[in-house]
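What follows is a single structure, written as structure tokens, with notes after it.
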Number of protein chains: 2
Amino acid sequence: MPHPAKTVSKAADPSVQTVDTSYLESLMGYNARRASLAIISEFLAQMSVYGLRPVDFSVLSLITHNPGITSRQLCVALGLLPPNLVGLVNSLQGRELILRRPHPHDGRAMGLHLSAKGKKMMRDAEQTAAELERNATSALNPTENRQLMSLLKKIYQKPSGKGATA
Amino acid sequence: MPHPAKTVSKAADPSVQTVDTSYLESLMGYNARRASLAIISEFLAQMSVYGLRPVDFSVLSLITHNPGITSRQLCVALGLLPPNLVGLVNSLQGRELILRRPHPHDGRAMGLHLSAKGKKMMRDAEQTAAELERNATSALNPTENRQLMSLLKKIYQKPSGKGATA
DNA sequence: TATTGTTATACTCTATAACTATA
DNA sequence: TATAGTTATAGAGTATAACAATA
């Protein structure tokens with residue numbers, strides 16, 4: 001990995017004037033993490049009005065587009081551990097955004113559904129998410145946007161690619 | 001944001017057969033996080049032989065390329081909070097990978113430097129990091145690799161782009 | 001016997017307040 | 001007065017073990 005000097009330093013002087021981060025910036029992992037955090041910080045700011053963290057939004061979105069989904073399925077799809085989903089689902093139920101119904105074919109499981117209140121909120125929240133994404137990617141033209149989306153999928157859609165964690 | 005149906009479901013049946021994640025996959029934030037996690041998991045696996053977490057590697061890399069850097073400068077460059085860096089630096093010093101020298105111009109600060117042992121280890125670690133990155137991005141050809149790197153930088157190198165967090 | 005959902009709990013990561021010594 | 005480094009501590013996020021109910 002090359003790392004062309006990006007900053008001017010006084011060479012032999014041990015006291016650093018300007019920090020040279022060019023090596024780290026030559027690593028894909030570093031850039032991917034920075035970009036991911038930049039979008040997430042935008043998300044945190046814009047979605048706070050709904051009281052939704054990224055993981056809450058992900059769960060509610062999957063319920064929205066998969067009515068009747070079980071906790072187990074949510075865990076697999078989002079890379080969550082079952083014990084950590086319990087409190088989250090309880091919280092969303094306490095806020096009357098979702099409700100649990102008996103699963104039609106499995107007495108152990110509960111199907112998760114959006115309430116009317118939850119549906120209304122998610123219509124707004126998904127629209128806000130779309131606006132937020134346009135803002136976070138405003139430095140990209142439409143072609144670059146499609147390219148980036150495609151390249152990111154190539155990175156994680158591989159045999160070694162495990163589940164997400166959020 | 002469009003989200004073309006990617007999975008076949010039995011429509012009105014509330015019990016979900018296959019989870020439809022196409023909406024989430026239409027969001028740049030979701031894809032960026034998944035890609036970032038895929039590379040980090042590769043990093044965790046390959047760098048465990050050195051006993052280095054991503055944040056340890058980042059700190060050691062900045063010291064490598066900025067001998068004499070201070071804790072404060074590390075915090076700013078990596079988005080760490082000072083109290084959380086103390087234990088990390090103490091640990092690296094305890095492992096005899098780095099050493100603290102008095103700062104030449106500021107009696108409050110200490111300049112951080114790699115020990116001979118630290119230099120040897122980082123030569124190996126940075127080579128491993130390069131191999132690991134090639135593996136993590138093996139689905140991309142050289143042109144795509146450059147494109148992705150460039151597009152990621154465009155995302156986080158904006159006025160609103162805050163510091164990293166690790 | 002295996003799986004869904006749950007409780008309890010521990011470990012890591014991140015954040016805030018307050019202190020010291022130097023500038 | 002402001003800054004570098006530190007301590008103590010609180011809060012999230014993430015992890016494992018073990019259990020009851022159902023398959």
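So that the names make sense, note that chain A is the first sequence line, chain B the second, and so on, each numbered from 1. Remember, predicted model here, so these are calculated numbers, not experimental data.
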| Which of these nucleotides, D:dT16, C:dA23, C:dT3, is closest to any side-chain atom of A:R108? | C:dT3
| task | Would you mind telling me which of C:dG5, C:dT6, C:dA15 lies closest to the side-chain atoms of B:L81? | result | C:dA15
| field | Shortest side-chain distance from A:V86, nucleotide among C:dT6, C:dT14, D:dT7 | value | C:dT6
| request: Would you tell me whether A:Y156 and B:N31 have side-chain atoms, one donor and one acceptor, within less than 3.5 Å of each other? | output: yes
| Side chain of A:A109: nearest nucleotide among D:dA4, C:dG5, C:dT6? | C:dG5
| Side-chain N or O of B:R100 closer than 4.0 Å to phosphate OP1/OP2 of D:dT6 | yes
| Listed nucleotide nearest any side-chain atom of B:R33, set C:dG5, C:dT16, D:dT14 | D:dT14
| field | Minimum-distance nucleotide (side-chain atoms of A:R53 versus C:dT6, C:dA23, D:dG13) | value | D:dG13
| field | B:Y50 side chain near B:F57 side chain, heavy-atom distance below 4.5 Å | value | no
| message | With a 3.5 Å cut-off and heavy atoms only, can you find an N or O donor on one side and an acceptor on the other between the side chain of B:D106 and the base of D:dA4? | response | no
| task | Consider the side chain of A:P82, meaning its heavy atoms from C-beta on, and name the nucleotide among C:dT6, D:dT6, C:dT4 that approaches it most closely. | result | C:dT6
| task | Go through D:dT7, C:dG5, D:dA17 for me and flag the one nearest to the B:P83 side chain. | result | D:dT7
